[in-house]
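The figures that follow rest on heavy atoms only: side chains count, while hydrogens, waters and symmetry mates do not. Chain identifiers are assigned alphabetically (A, B, ...) following the order of the sequence lines, protein sequences preceding nucleic acid strands; residue numbering begins at 1 within each chain.
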Amino acid sequence: MLTAQDLNLSQASKPAFTPEDVQLDITLEQLKRLVSPRAFTGETMLLNMGPQHPSTHGVLRLLLELDGETIVNCIPDIGYLHTGIEKTAESKPFIKAIPLTDRTDYLAPMSNNLAFCGAVEKLVGIEVPLRAQYLRVILMELTRMNSHLVWLGTHALDIGAMSVFLYAMREREMILDVYEAVSGARMMSSYIRPGGLWRDVPNSFYDLVRKILDVFPARLLEYEKLLTHNPMWKDRTVGVGKISAEDAIAWGLTGPSLRGSGVNYDVRKAQPYSSYDHFDFSVPLGSNGDVYDRFMCRMEEFHQSLKIIRQALDRLPPGPVMTDDRKVAPPPKHEIAYSMESLIHHFKLWTEGFRAPEGEVYFAVESGKGEYGVLISGDGSPKPRRVHFRAPSFYNLQALPQMSQGYLIADLVGIIGSIDIVLGDVDR
Amino acid sequence: MDVISNLLKIISDFVAELIRSIFGFSPFLAELITMGLAAVVLATFAALSFMGLTYVERKVVARIQDRIGPNQAGPFGLLQPIADGIKMFTKEDTTPAAADRWVYNLAPLVIAVFALTTYAVLPFAPGVVGTNLNVGVFFILAIGSGSIIAILMAGWGSNNKYALLGAFRTVAQLVGYEVPMLLNLLPVVMLTGSMSLIDIVNHQTTLDGNPGIPHIIYLPLSALVFLISGVAETGRSPFDLLEAESEIVAGFHTEYSGMKFALFFLGEYVNALAVSFVFATLFLGGYAGPILPPYIWLLLKAALVFFVLMWLRGTLPRVRIDQMHNLNWKFLVPMSIVNLVLVMLALKLFPASAAAQAASGGVLVSPGAQAVILMLINLAVLLVSLSLVGRAARRLRMQEEALLAQRRAANMAMARA
């Protein structure tokens, strides 16, 4: 029989474990602030979840302090997918840094492209033709659907509904076909360039997008039948992982994770970019800030995305898709053959790149996961002095410890799914 | 026709006679050897059906999920289970350094043995049964809970936190769901007046061997609850919390590899198949059926039940541990108790046989009328419980909404101030 005195003794003499035991690079004092004193008496259990775990969506590591199955503390440990993208971007001309942005949030490459190119355009002062803006909007919404489909599939898979994952992948295939048609690549598209688009869309683009518009509403109905109105799904999600609007703002949540708490903030409405203000759409809001509301926000965004794509496709103007400013846009191939000036531009652009003025700009887009912002600090050379990506996954992940406290392990995987993180985006 | 329908019986008699006449053994020894052979055949049947079932389940779930499923090994991927078996056999057999070696290594054997033992009392055709135990139903329940020990052994012996969590969940789940399972076996036993599975099948058969009224007509509620608790007992989706791969990696068998893992897998499938067989025997009339031989009928009925299990797996999300226990203790168990008491009263008031009437009085009714009375009672209990739960849930939801509105109003006031 253990007495309280025994416990105190063991606590006083030697801690049951040290930060090295749980492989955290912090001091014992710091660790004591992260876990409760009960962990040192052996009353609660420390469980290492990840970096290799089926439902941490990549290489997220969570150190959990558990009382039975209840989460007392959750300590996220990131950095397992650090690729140094921000640093690498500093050593490349702007146009050559675009492929790097594909690889941050690899489920929404076009959003990242646009955020980076938008920042460059803002810094250099480039006007983008209307057709390119509309095409960007279509691609942006397709990207949002792409991102949401992967989220939906993995979120449902985490909660045990296996079939939804495969249905979502089936639908995603249609969007990847569009990517392939426009850019030649299915994931790392690098299609959006400063000043417009790499090239105009091929003729097959319109049919592919129309097909998505035709097929999707019925498929969404399928998901609603399987999940939205499923009492078991509701039991698992309603009232789980609650976060209040104040806390959500304080933690810097954005995107559906923020709107699930009822905060009406959407970059597309707050600071319209790429002529988003030309289109009629609404921003779905939740009220409880639980997993179900975040789920519903994203489900509704599918409908809104379809609505935007339909409008943009119907009103797509003709014209060029690249600015005619030869300083930033590569000249067409046929011009090079007879124009000396074009040849020089071509040569300069692909060897040195274009120069950006000195100054700092911040440009944000609403990606599927939240506000994806890019801060570029230019120093007058063709390369940025500093690039920073405000990756939504990183900020959304911050709120995980607060969201998961007091819930069960089974809820934790649902909460991780509901904040929709991509580890490439968190670590950059 | 008789030869086909009595095939199993004829073969077993032939073998017994052969052993007796060739080796000159005493009848007792001959019977012992025959029974040993029968046990081997049964165990082989269960193991083979496990192989077949993995293939069928993968194909069916693939269909549900708009995939093709295994199609590379052999025609239509039929050799996939064999390929899997070879893989399992050739994998390294690891034991964690900190494991409790005896407990760890024994657990897969225990679970496989308990899973296979259930088949000893299943009647496959008239006269074809491992052993006609007069407490067959009781035996199935007892053996069914045996696998809990194996899972606890695996969870504890692995010395792994995930395995331990899986084992905790298992014990709570399996022990809990035995109660509704038992409570819904009792009406069948009371109806039949026997615990022997053969008597239970006979009760669902007319005297001349034709299929009579299956118990699912008498006791639809019991059948439903039995199926639900059967799914929970075998730890299949949506009650697959013991090995919820997205939460606790693989639960109790996280540390197992190679053939030991395969034995756990076998235990799980064989248990699920056993539940299908028991359900078919208790509620769907067992081997009784027209035209086709009896054992084919039993297989068909069990396959139907197993298909429902696969269907559930392809469709539903996983429940959480507290929700699972709420469903059990706050819904299934009380409902089953009420149902049990009402069925008991009905059986006393409306006996279907003269002997029963002589024992306790009441109005003698035909089996058909009795079936209708019991069915009505079952359905009434189900509807009343559903509406009660629905009303309670509505009240809870309204309370929550009121609370939320209050909080919002407070927030608004704060924002204004």
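- Most heavy-atom pairs under 4.5 Å with chain B: of the set A:Gly239, A:Gly414, A:Ala410, this distinction falls to A:Ala410.
- Per-residue heavy-atom pair counts under 4.5 Å with chain A were compared for B:Ile64, B:Ile321, B:Leu316, B:Val61, and the maximum is reached by B:Leu316.
- Here the closest non-hydrogen pair linking B:Thr315 and A:Ser163 is N-OG, 4.5 Å.
- Within 6.0 Å of the CG atom in B:Leu383, the count of heavy atoms belonging to other residues, nucleotides or ligands exceeds 12.
- Heavy atoms from other residues, nucleotides or ligands lying under 6.0 Å from CH2 of B:Trp311 number 12 at most.
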A:Asp235 and B:Arg320: CA distance, side-chain angles, deciding distance, salt bridge (charged side-chain N to carboxylate O under 4.0 Å, His left out) verdict:
CA-CA 8 Å; A:Asp235 278 351; B:Arg320 209 171 51 204; over 6 Å; no

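- The shortest heavy-atom contact between A:Met232 and B:Val319 is CE-CG1, 3.3 Å.
- Put simply, of A:Leu227, A:Leu408, A:Leu66, the one with the most heavy-atom pairs under 4.5 Å next to chain B is A:Leu408.
- Among A:Leu166, A:Leu412, A:Val238, the residue making the largest number of heavy-atom pairs under 4.5 Å with chain B is A:Leu166.
- Atom CD of A:Glu69 and atom CG of B:Asp322 lie 9.5 Å apart (nearest 0.5 Å).
- Across all their heavy atoms, A:Leu47 and B:Tyr162 have their closest contact at CD2-CE2, 3.7 Å.
- Among all heavy-atom pairs drawn from B:Pro317 and A:Asn230, the shortest one is CD-ND2, 3.4 Å.
- In terms of heavy-atom proximity, A:Arg236 sits nearest to B:Arg318 at NH1-O, 2.8 Å.
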Kindly determine whether A:Met45 and B:Leu165 satisfy side-chain contact (heavy atoms from CB on, under 4.5 Å), including the steps that lead there.
CA-CA 11 Å; A:Met45 176 169 92; B:Leu165 278 174; 4.2 Å; yes

